[in-house]
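Below: one structure, written as structure tokens.
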Amino acid sequence: MATLSTVSVSTQKEAVSTQNESTQIVPPKPLQFGCRIRVDTTLTRVRVWDQIRILLPPRPPNHYWVVRASPDITLKSSHIGIIYFAYKISRIVSGKSILDDWLSAVAVSSWSFVCCLSTQTFVIFHWVLPSLGDTEHQATEVFHFEIRMCCNLEVAKRLEKFTTTIFTQMSMLAIKHGAINLGQGFPNFDGPDFVKQAAIQSIKEGKNQYARGYGVPDLNSAVAARFKKDSGLDVDPEKEVTVTSGCTEAIAATMLGLINPGDEVILFAPFYDSYEATLSMAGAKIKGITLRPPDFSLPIDELKSAVSKNTRAILLNTPHNPTGKMFTREELNAIASLCIENDVLVFADEVYDKLAFEMEHISIASLPGMYERTVTMNSLGKTFSLTGWKIGWAIAPPHLTWGVRQAHSYLTFATSTPMQYASATALRASDSYYEELKRDYSAKKAILVEGLKEAGFTVYPSSGTYFVVVDHTPFGLENDIAFCEYLIKEVGVVAIPTSVFYLNPEDGKNLVRFTFCKDEDTLRSAVQKMKEKLSKK
């Protein structure tokens, strides 16, 4: 077994200060603390872990902490090991530690991160030396930790409020606790072979250089053909279709290309978190209309009141992430009438259009008078379980396409060439592919929904997407974040707290989102865990 000399630095006072402790923090002069730690360890097959904890004082406004760890590992052996660092941050709020979870793990020689929390904060470093075989080896670990306070936060004001996405945080927690990830919306199964083979063939044929900026002709034509079949609209593939790096880039190019600072844009909350961040980058003024359970219906009178002379656009997502709501024809007609009357654009995110289970998907662009004022955005990833390819597109009349393409040209310019050719093959799939897709997802949805009900959740209807929203309050946790942390650590299942999808987080504190884009065995395992370990309070 390994022997380990334990080192602990629990407070700032145990560190070595480069300034007098009574010195006031006067920006921009930095305050530095450092500690040098030496640990002699005997290594066998067992990995050796150790950690230190450093308490950071409260951070003044417009300041941030930069924490740097510089390990120097000397192994008295021919074996060369790699050191892995992880860190976690505990915020102390009202005497309680919250968000106490690992945030990163990397193999490093010199490593740093930025901590922007203003409350009292602990930074805990955790490291491991890998096993070196059957024989014992002597190792010396020397670490230098430097903590520096700096001013003039290096992020634009429009992005100061945004942090690591909730999807990243929850996925990392899933890995740490070995939990089943029903949080982030990516399948744990692969896309169809005929599409993957088309990509391989394109690579072999040498289609590997920059593509035309707005898409290879074959894909533009395939997108236009599919859109005509689905919506009945004829679009010009050369003038009205722009291929992007996923729908997320289509959203960004649309916002940045068509929204001016100060323009009002109306969102329906809860909403995909990319919307708010991208609109902030565009300098938009955001107005939120909250869709409320149980049916998340459109409050049309509230929408009418929100539309003003400064309203530039309404951002619409149907089928809707995270609720699974599909906007009805009556609701879409009401939105269309308001837009025509007030000369308002619509940005329609329709990435889940092929995952419509209980009603027909309707593109708002297909309604009378709406095509000329609509940008329709979509992607390949959700429909073909190829989310990592990041192939998306925006369809709009030429006068709107111009702005989208101008922004796209300076965001990514072009998208993966071989994947575009393969995507054209995918979009020409027969109707039987989409029918089978719906059958498969309907079966997965039934497993999850019935299991959640049996576990004690209040489950709200989901007509589209591969998400289900539930009310977690029967289990007695104070909010959605507390519940999701409990679910991961104590039950072993990951869900997404929905409060991050609202302008006012209080509106979503009772709701969490599960996804069923997983294989059936995974869904059954997750359901079984929840049925066994969750109890109502």
Side-chain angles (χ1 to χ4, degrees), residues 49 86 88-91 93 96-103 105 124 126 165-189 270 293-294 321-324 441-462 465-501 505 508-537:
W49 297 80
K88 63 180 176 180
I89 293 174
S90 262
R91 286 194 290 147
V93 178
K96 296 182 180 180
S97 176
I98 64 172
L99 299 181
D100 187 13
D101 284 292
W102 298 111
L103 299 179
I124 301 177
H126 199 69
T165 71
I166 193 66
F167 307 108
T168 299
Q169 294 176 39
M170 291 296 131
S171 292
M172 292 176 71
L173 281 175
I175 294 170
K176 177 192 172 184
H177 293 280
I180 299 173
N181 194 346
L182 301 188
Q184 193 166 2
F186 59 83
N188 68 341
F189 46 86
N321 173 17
T323 67
Y441 270 116
S442 293
K444 297 176 192 298
K445 177 184 174 184
I447 293 170
L448 180 61
V449 168
E450 291 308 311
L452 291 171
K453 289 178 179 178
E454 291 172 6
F457 291 97
T458 300
V459 182
Y460 295 117
S462 173
T465 76
Y466 42 50
F467 301 117
V468 173
V469 166
V470 303
D471 186 329
H472 67 81
T473 56
F475 302 103
L477 278 297
E478 59 182 338
N479 58 46
D480 56 329
I481 293 176
F483 175 79
C484 286
E485 289 181 348
Y486 175 85
L487 191 68
I488 292 170
K489 295 174 184 177
E490 304 300 328
V491 181
V493 177
V494 181
I496 294 292
T498 67
S499 57
V500 299
F501 303 139
K509 70 177 184 178
N510 294 337
L511 308 176
V512 297
R513 187 195 80 177
F514 290 93
T515 183
F516 51 90
C517 59
K518 312 296 177 182
D519 63 75
E520 293 186 9
D521 287 343
T522 297
L523 293 170
R524 289 191 179 95
S525 296
V527 164
Q528 191 61 33
K529 282 177 176 284
M530 289 186 281
K531 288 163 65 175
E532 290 176 355
K533 297 183 179 181
L534 281 176
S535 58
K536 291 186 177 182
K537 295 180 182 179

Practice item. Quickly, which of Ile180, Leu487, Ile488 forms a side-chain contact (heavy atoms from CB on, under 4.5 Å) with Val494? Name it, please. Key: Ile488

**Study point:** Residues which pass salt bridge (Lys or Arg N to Asp or Glu O under 4.0 Å) with Lys509, listed by chain and number, not counting sequence neighbours
**Key:** Glu506

Review point. For the atom pair OG1 (Thr522) and NZ (Lys444), what is the distance rounded to the nearest 0.5 Å?
Key: 8.5 Å

Review point. If we ignore angles and hydrogens, is there a donor and acceptor under 3.5 Å between the side chains of Ser499 and Asp480?
Key: yes

Check your understanding: Given side chains that start at C-beta, do those of Ile447 and Arg524 come closer than 4.5 Å, heavy atoms only?
Key -> yes

Review point. Does the side chain of Val512 reach to within under 4.5 Å of the side chain of Val470, using non-hydrogen atoms?
Key: yes

Practice item. Kindly confirm or rule out a cation-pi arrangement of Lys518 over Phe186, judged by NZ or CZ under 6.0 Å from the six-membered ring centre and within 45° of its axis? Key: yes

**Study point:** Partner set under side chain to side chain contact (heavy atoms under 4.5 Å, CB included) for Val527, not counting sequence neighbours
**Key:** Leu448, Lys531

Point to revise | Met530 and Leu452: CA distance, side-chain angles, deciding distance, side chain to side chain contact (heavy atoms under 4.5 Å, CB included) verdict | key: CA-CA 8 Å; Met530 289 186 281; Leu452 291 171; 3.7 Å; yes

Check your understanding: Any donor-acceptor pair under 3.5 Å linking the side chain of Asp519 with the backbone of Asn188?
Key -> no

Check your understanding: So Phe483 and His472, would you call those rings parallel, tilted or perpendicular, with 30° and 60° as cut-offs?
Key -> parallel

Review point. Do Phe467 and Cys517 have side chains that get closer than 4.5 Å, going by heavy atoms?
Key: no

Exercise for review: Can you see which heavy atom on Pro294 is nearest to which on Pro461, and at what distance?
Suggested key: O-CD, 3.4 Å

Review point. Given side chains that start at C-beta, do those of Phe516 and Leu182 come closer than 4.5 Å, heavy atoms only?
Key: no

Exercise for review: Indicate yes or no: at least one non-hydrogen side-chain atom of Val493 is less than 4.5 angstrom from one of Phe514.
Suggested key: yes

Exercise for review: Would you mind reporting whether Leu511 and Phe501 have side-chain heavy atoms less than 4.5 Å apart?
Suggested key: no

Check your understanding: Any side-chain heavy atom of Thr465 within less than 4.5 Å of one from Thr515?
Key -> no

Check your understanding: Do Thr323 and Tyr460 come close enough that some side-chain heavy atom pair is under 4.5 Å?
Key -> no

Point to revise | Spatial distance of atom CD1 (Ile481) from atom OG1 (Thr498) [nearest 0.5 Å] | key: 9.5 Å

Revision key, fill the gap. Shortest non-hydrogen pair, Gly492 vs Lys529, comes out as O-CD, 3.7 Å

**Study point:** Nearest heavy atoms of Arg513 and Pro322, plus distance in Å
**Key:** CD-CB, 3.3 Å

**Study point:** Considering all heavy atoms, the nearest Gly185-Tyr466 contact
**Key:** O-OH, 2.8 Å

